[in-house]
Colleague: 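Here it is, the structure, as structure tokens.
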Amino acid sequence: MMLVNIIFAVSFVPVWPILYFMLRNNTKPKKNIILSVTLPESAHGDPEVLAICRGFKRWLNRVMLPLLPLLAPPFFMSVTGVALTWFMIWLLAALAAPHAVFAVHRGRLMALKRERGWRNESAGVALADVRAAALPPKRVNGIWFLLPVITSFIPVADSLRDPSEWMWALYAMFALTTVLFWWMYGLIFRLRAETVNESLTLTMALTRARRYQWNKFWLAAAWLTGLFNLAIWLFEDSVTAFLVSTLVYTLLIFAVAIKTEFSARIAQQKLTAGTMGEDYQDEDDCWLLGMLYHNPNDSHFLVNHRIGMNMSVNLAKPAGKILMGFAALCIAAMPFLGIWTWAEEVTPASLTLNETELVVRHTRSFSIPAEAIESVELLEELPYMFRIAGSGFSNLSKGRWSVRGYGNAQLNIHPKNPPFLFITAGGELYIVNDADGAVTRGVYSRLKER
């Protein structure tokens, strides 16, 4: 349980510093933008603007700092589902609270902008520099992406020698992810250039800075994923090696993402400091709450965020609404994953043998026809096994598993409650037991008498 909580913590904890420092960084002017509000350079040092920024940072501390100690309680919980539910609720709070603070203070800055008449003539217009679009992009040699792709497909090719093992599906998922990173690298060159004013030199400098950071991220992500796929293939018999590889991979991906994001922001801040003048792009009206892009006059489905190197969908497009709605639904449903896991973990498995079938009950039930049972063994210990698809908790193993010495099997067991029935029926292997060991032994005796 402790190791599982460590994995959860490593997965969720990086969200805190990423959000905290990215949001705080929005108080520094980049491309004349502060807290997602475009302001003339003369307003950057305005006392009221600075006061709103200080208030934002103060409230950001008030909502974010209390979240850190709330990561500790799961380490004292003995049920994985309860811990996961806690982490999911924590993640929702970590996403919602700081963005709410950001939206409130961004609204105050927008009100001040309207009051002072700082609205630019280009407000609401998405500019595009055809001269920048005509320039050939500087791309990295494709061989640097091809090598990690080939590396990631080695486990797939090897596992397909025995497709019944199903591990090929896991390897294929990571291999295709590596290909996706290569495709995403190509996508960044199809997004519009970083046009902020009429200066072609500045436009190209900003565009190249963003593309350079994206190039580093996608290339690093491709290599890390390819090597991770190779690692879990080489050590597929070691659960510890798999978990360690997963932790290292996750930490490195987060580290690369943070490094490239802030490198892009620093470049944008330095390139535009004192160079914007009075004729600059103002897209504030196209960014709802400063975070969601909605512009029916823009034909692009994907657009760059104005600050950093993120991308956003255009909510003016039907596909953008659908994708954003689906994403919001998935985020809102996260706590239910923990609740479902909790139910899976604490519900006891049971066996019921009647004249025609052996019924295996849990949160879902299945049955094995008595006439199809070819053999049955009673084992006190489980051989080494790893999950292909299903659930794997300290007190529940369920779904499709690969079992050393037996092949693939359908499991529904409490690993800590021996004995276990190994049943062959219709050419399939089933490993089942009852939460009560006496019931399992009784079912075994009755099956052997038949």
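All heavy atoms count here, side chains included; hydrogens, waters and symmetry mates do not. Index from 1, following the sequence.
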Colleague: For the residue pair Asp298 / Tyr293, report whether a side-chain donor-acceptor contact shorter than 3.5 Å exists.
Modeller: yes
Colleague: Would you call Phe228 and Phe174 a side-chain contact if the rule is heavy atoms closer than 4.5 Å?
Modeller: yes
Colleague: Once side chain to side chain donor-acceptor pair (under 3.5 Å) is applied, do any residues pair with Thr352, and if so which ones, sequence neighbours excluded?
Modeller: Arg361
Colleague: Is the side chain of Asp434 donor-acceptor paired with the backbone N or O of Gly437 at a distance under 3.5 Å, no angle test?
Modeller: no
Colleague: Side chain to side chain contact (heavy atoms under 4.5 Å, CB included) with Val376: which of Thr424, Val443, Ile423?
Modeller: Ile423
Colleague: Can you tell me if Lys321 uses its side chain to pair, donor with acceptor, with the backbone of Leu315 under 3.5 Å?
Modeller: yes
Colleague: Could you pull out all residues at least two apart from Trp90 that satisfy ring pair (Phe, Tyr, Trp, His ring centres under 6.0 Å)?
Modeller: none
Colleague: Could you walk me through whether Asn215 and Arg210 pass the side-chain hydrogen bond (donor to acceptor under 3.5 Å, both in side chains) test, one step at a time?
Modeller: CA-CA 9 Å; Asn215 173 37; Arg210 182 189 289 266; over 6 Å; no
Colleague: Enumerate the side-chain hydrogen bond (donor to acceptor under 3.5 Å, both in side chains) contacts for residues 219-228, please, sequence neighbours excluded, ordered by first and then second residue.
Modeller: Thr225-Tyr249
Colleague: Can you see which heavy atom on Pro335 is nearest to which on Ala332, and at what distance?
Modeller: CD-O, 3.4 Å
Colleague: Any side-chain heavy atom of Trp182 within less than 4.5 Å of one from Trp218?
Modeller: no
Colleague: Would you find a donor on one side and an acceptor on the other, under 3.5 Å apart, between the side chain of Thr272 and the backbone of Lys31?
Modeller: yes
Colleague: What pairs meet the side-chain hydrogen bond (donor to acceptor under 3.5 Å, both in side chains) rule with one or both residues in residues 306-318, with sequence neighbours excluded?
Modeller: Ser36-Arg306, Thr38-Arg306, Asp284-Arg306
Colleague: What residue pairs, at least two apart or across chains, pass ring-ring contact (aromatic ring centres under 6.0 Å, His included) with a residue in residues 319-341?
Modeller: none
Colleague: Quick check against the 3.5 Å criterion: does Asn229 have a side-chain atom that pairs as donor or acceptor with the backbone of Ser152?
Modeller: yes
Colleague: Look at the side chain of His294 and the backbone N and O of Trp287, then say whether any donor-acceptor pair between them is shorter than 3.5 Å.
Modeller: no
Colleague: Within the 4.5 Å heavy-atom criterion, are Met22 and Asn25 side-chain neighbours or not?
Modeller: no
Colleague: Quick one: are Asn412 and Val360 in side-chain contact, heavy atoms under 4.5 Å?
Modeller: yes
Colleague: Are the side chain of His414 and the backbone N or O of Pro348 linked by a donor-acceptor pair below 3.5 Å?
Modeller: no
Colleague: Treating Gln213 as the side-chain partner and Glu261 as the backbone partner, does any N or O pair qualify as donor plus acceptor under 3.5 Å?
Modeller: no
Colleague: Backbone N or O of Gly308 within a donor-acceptor pair of the Gln268 side chain at under 3.5 Å?
Modeller: yes
Colleague: Can any side-chain N or O of Trp214 pair as donor or acceptor with the backbone N or O of Met309 at less than 3.5 Å?
Modeller: yes
Colleague: Indicate yes or no for a side-chain donor-acceptor contact from Thr341 to the backbone of Gly81 under 3.5 Å, with no hydrogens or angles considered.
Modeller: no
Colleague: Counting only pairs under 3.5 Å, give me each side-chain donor-acceptor contact of residues 60-70, with atom names and distances, residues two or more places apart or in other chains.
Modeller:
residue, atom, partner, partner atom, Å
Asn61, OD1, Tyr20, OH, 2.4
Asn61, ND2, Lys57, O, 3.4

